[in-house]
Amino acid sequence: MIEVSENKCHGGTQGVYRHRSRACSCDMTFGLFMPDPDFGEHVPVLWYLSGLTCTHENAMIKAGAQRWAAEHGIALVFPDTSPRGESVPDDDSHDLGQGAGFYLNATEAPWSSHFHMWDYVAHELNNLVCGEFPIDGDRQSIMGHSMGGHGALTLAMGLEGRFRSVSAFAPICNPTASEWGRRQLRAYLGDDESLWRKHDATFLMLEKGFDGPVLIDTGTEDQFFDRLGTDKFLEAVARRKQQVSFRLQAGYDHSYFFVSTFMEEHFDFHSEALGRQ
């Protein structure tokens, strides 16, 4: 692991690091905020998964999350959204290929050689940050925005017992029926739509649910609202009788102006869950 940069931030340290990923067969870069050491030797960790076209840097700079992570004494991980590099396959569109990993393990060529973001986030990067930094791997929560909200929900429900809480900003939550999903799932996983279900939060909610608190915010002026599948996800929530705090935020769109506005409340939400012994 190589240190790219470290900066003092809200009493803690905002670092950027690079390492060779076995899961993605390329170099990967991630951001990690560590709070003031006075909070103790091993602090809980919150994962932030970003959306389409983003790198590790977008939320790290725009979300204003470090302030609240510092206040609560929580480590904050910003993974990249896909493998990258000249040898990594790509597509001319913004929603497939580099910057659009969809937090799954691709099985179809040419993507299967590098696009294993599920394994990368769930296992490889988790083991790295918990092994190299003073983090309590038994106290983890996860959040995300848009495609990252999709990843947060599917990882939370797919990795039973890993995360104590999950939240999302404007998540893609029914990709098997969405313009932001069907093309990508077919490219990465093939034509058998039964294989797509484990990467669709709506189906996961029906089949598994989540054993913990869930918070979702979506703006009423979100310009991509029709692609999110919010109505189908909420139908699944009702059918399962899953406790979810879902809030439609009047006048807000899909941007980081929206995300940063409600970041403090999401940290309050996760802090309560992570503080449980």
Is Leu185 close to Pro175 at the side-chain level, that is, under 4.5 Å between some pair of heavy atoms? yes
More than 12 heavy atoms of other residues, nucleotides or ligands under 6.0 Å from CD of Glu6: yes or no? yes
Determine whether Gln249 and Glu221 satisfy the following criterion, side chain to side chain contact (heavy atoms under 4.5 Å, CB included), listing intermediate values before the conclusion. CA-CA 9 Å; Gln249 301 292 1; Glu221 299 302 316; over 6 Å; no
Could you pull out the closest heavy-atom pair between Arg227 and Ser178, with the gap in Å? O-OG, 2.6 Å
Check: Phe262 ring centre within less than 6.0 Å of Phe169 ring centre: no
For residues 114-138, the salt bridge (charged side-chain N to carboxylate O under 4.0 Å, His left out) pairs (sequence neighbours left out) are Asp136-Arg139
Parallel, tilted or perpendicular: ring planes of His145 versus His254, cut at 30 and 60 degrees: tilted
Within the distance-only criterion (no hydrogens, no angle test), does the side chain of His56 pair as donor or acceptor with the backbone N or O of Phe78 below 3.5 angstrom? no
If I compare all heavy atoms of Gly144 with all of Ala152, which pair ends up nearest, and what's the gap? N-CB, 3.8 Å
Here the pair of heavy atoms bringing Leu32 nearest to Tyr17 is CB-CE1, 4.0 Å
So that I can tick it off, tell me whether Asp80 and Arg18 are bridged by a salt bridge, with the cut-off set at under 4.0 angstrom between side-chain N and carboxylate O. no
Does the pair Asp95 and Arg183 meet the rule for a side chain to side chain contact (heavy atoms under 4.5 Å, CB included), with working shown? CA-CA 9 Å; Asp95 54 4; Arg183 174 172 175 260; 3.1 Å; yes
Taking all heavy atoms of Met147 and all of Gly99, pick out the closest pair and write down the distance. CE-O, 4.0 Å
Flag side-chain contact, heavy atom, 4.5 Å: Ile216 against Pro171: yes
Just so I know, are the side chains of Met28 and Leu125 near enough to count as touching, which here means a heavy-atom distance under 4.5 Å? no
Test item: Arg84 side-chain N/O and Thr29 main-chain N/O as donor-acceptor pair under 3.5 Å: no
Do any N or O atoms from the side chain of Gln98 and from the backbone of Gly85 form a donor-acceptor pair under 3.5 angstrom? yes
Minimum side-chain heavy-atom gap Ser113-Pro89 below 4.5 Å: yes
Salt-bridged, Glu207 to Arg197, with N to O below 4.0 Å? yes
Just so I know, are the side chains of Val237 and Phe246 near enough to count as touching, which here means a heavy-atom distance under 4.5 Å? no
Identify all side-chain donor-acceptor contacts of residues 228-235 below 3.5 Å with residues at least two apart in sequence or on another chain.
none

Hey, what else clusters with Leu215 if you join Ile, Leu, Val, Met, Phe, Trp, Tyr whenever side-chain heavy atoms sit under 4.5 Å? Phe269
Find the distance between NE2 (His19) and SG (Cys26) and round it off to the nearest 0.5 Å. 8.5 Å
Are more than 12 heavy atoms, taken from residues, nucleotides or ligands other than Asp268, located less than 6.0 Å from that residue's CG atom? yes
Report the distance from atom OH of Tyr120 to atom OG of Ser21, rounding to the nearest 0.5 Å. 6.0 Å
Asn126 to Ala122 - nearest heavy-atom pair and separation: CB-O, 3.6 Å
Residue pairs fulfilling ring pair (Phe, Tyr, Trp, His ring centres under 6.0 Å) with at least one residue in residues 185-220, sequence neighbours excluded: Trp111-Tyr188, Phe115-Tyr188, Trp118-His199
Salt bridge present between Glu272 and Arg164 (N-O < 4.0 angstrom): no
Hey, can you tell me if Trp180 and His94 have their rings parallel, tilted or perpendicular (30° and 60° cut-offs)? perpendicular
Out of curiosity, Arg186 CZ to Asp192 CG, how far, rounded to the nearest 0.5 Å? 10.5 Å
Would you say Phe224 and Thr218 make side-chain contact, with heavy atoms under 4.5 Å? no
Pairs under 3.5 angstrom only: tabulate donor-acceptor contacts from the side chains of residues 58-68 to other protein residues two or more places apart or in another chain.
residue: Asn58; atom: OD1; partner: Thr55; partner atom: N; Å: 2.9
residue: Gln66; atom: NE2; partner: Gln14; partner atom: OE1; Å: 2.9
residue: Gln66; atom: NE2; partner: Met60; partner atom: O; Å: 2.8

Decide side chain to side chain contact (heavy atoms under 4.5 Å, CB included) for Asn7 and Thr13; before the verdict, give the C-alpha distance in whole Å, the side-chain angles of both, and the deciding distance to 0.1 Å. CA-CA 6 Å; Asn7 297 95; Thr13 302; over 6 Å; no
Counting only heavy atoms not in Arg22, do more than 12 sit closer than 6.0 Å to its CZ atom? no
Between Thr81 and Cys54 (side chain of the first, backbone of the second, donor and acceptor by atom type, cut-off under 3.5 Å), is there such a pair? yes
For atom CZ of Arg182, decide whether the heavy atoms of other residues, nucleotides or ligands shown that lie under 6.0 angstrom number more than 12. yes
Side chain His114, main chain Cys24, donor-acceptor under 3.5 Å: yes
Is there a side-chain contact between Leu128 and Met1, using heavy atoms and a 4.5 Å cut-off? yes
In Å and rounded to the nearest 0.5 Å, what is the CG to CD distance from Leu206 to Gln242? 11.0 Å
OG1 on Thr154 to CG on Leu104, rounded to 0.5 Å: 8.5 Å
So with a 6.0 Å cut-off around CZ of Phe257, is the heavy-atom count from everything else above 12? no
For Gln223, is the CD atom crowded, meaning more than 12 foreign heavy atoms sit under 6.0 Å from it? yes
Inter-residue atom distance Thr176.OG1 - Asn174.CG, 0.5 Å rounding: 4.5 Å
Taking the inter-plane angle between the rings of Tyr103 and His150 on a 0 to 90° scale, is it parallel (under 30°), tilted (30 to 60°) or perpendicular (over 60°)? tilted
Please tabulate, for the side chains in residues 36-53, all donor-acceptor contacts under 3.5 angstrom to protein atoms that are two or more places apart in sequence or on a different chain.
residue: Asp36; atom: OD1; partner: Asp38; partner atom: N; Å: 2.8
residue: Trp47; atom: NE1; partner: Gln140; partner atom: OE1; Å: 2.8
residue: Tyr48; atom: OH; partner: Tyr256; partner atom: OH; Å: 3.2

If you look at every heavy atom in Gly251 and Thr220, which pair is closest and at what distance? N-OG1, 2.7 Å
Might you work through the side chain to side chain contact (heavy atoms under 4.5 Å, CB included) test for Cys173 and Leu153, ending with a clear yes or no? CA-CA 8 Å; Cys173 42; Leu153 291 169; 4.3 Å; yes
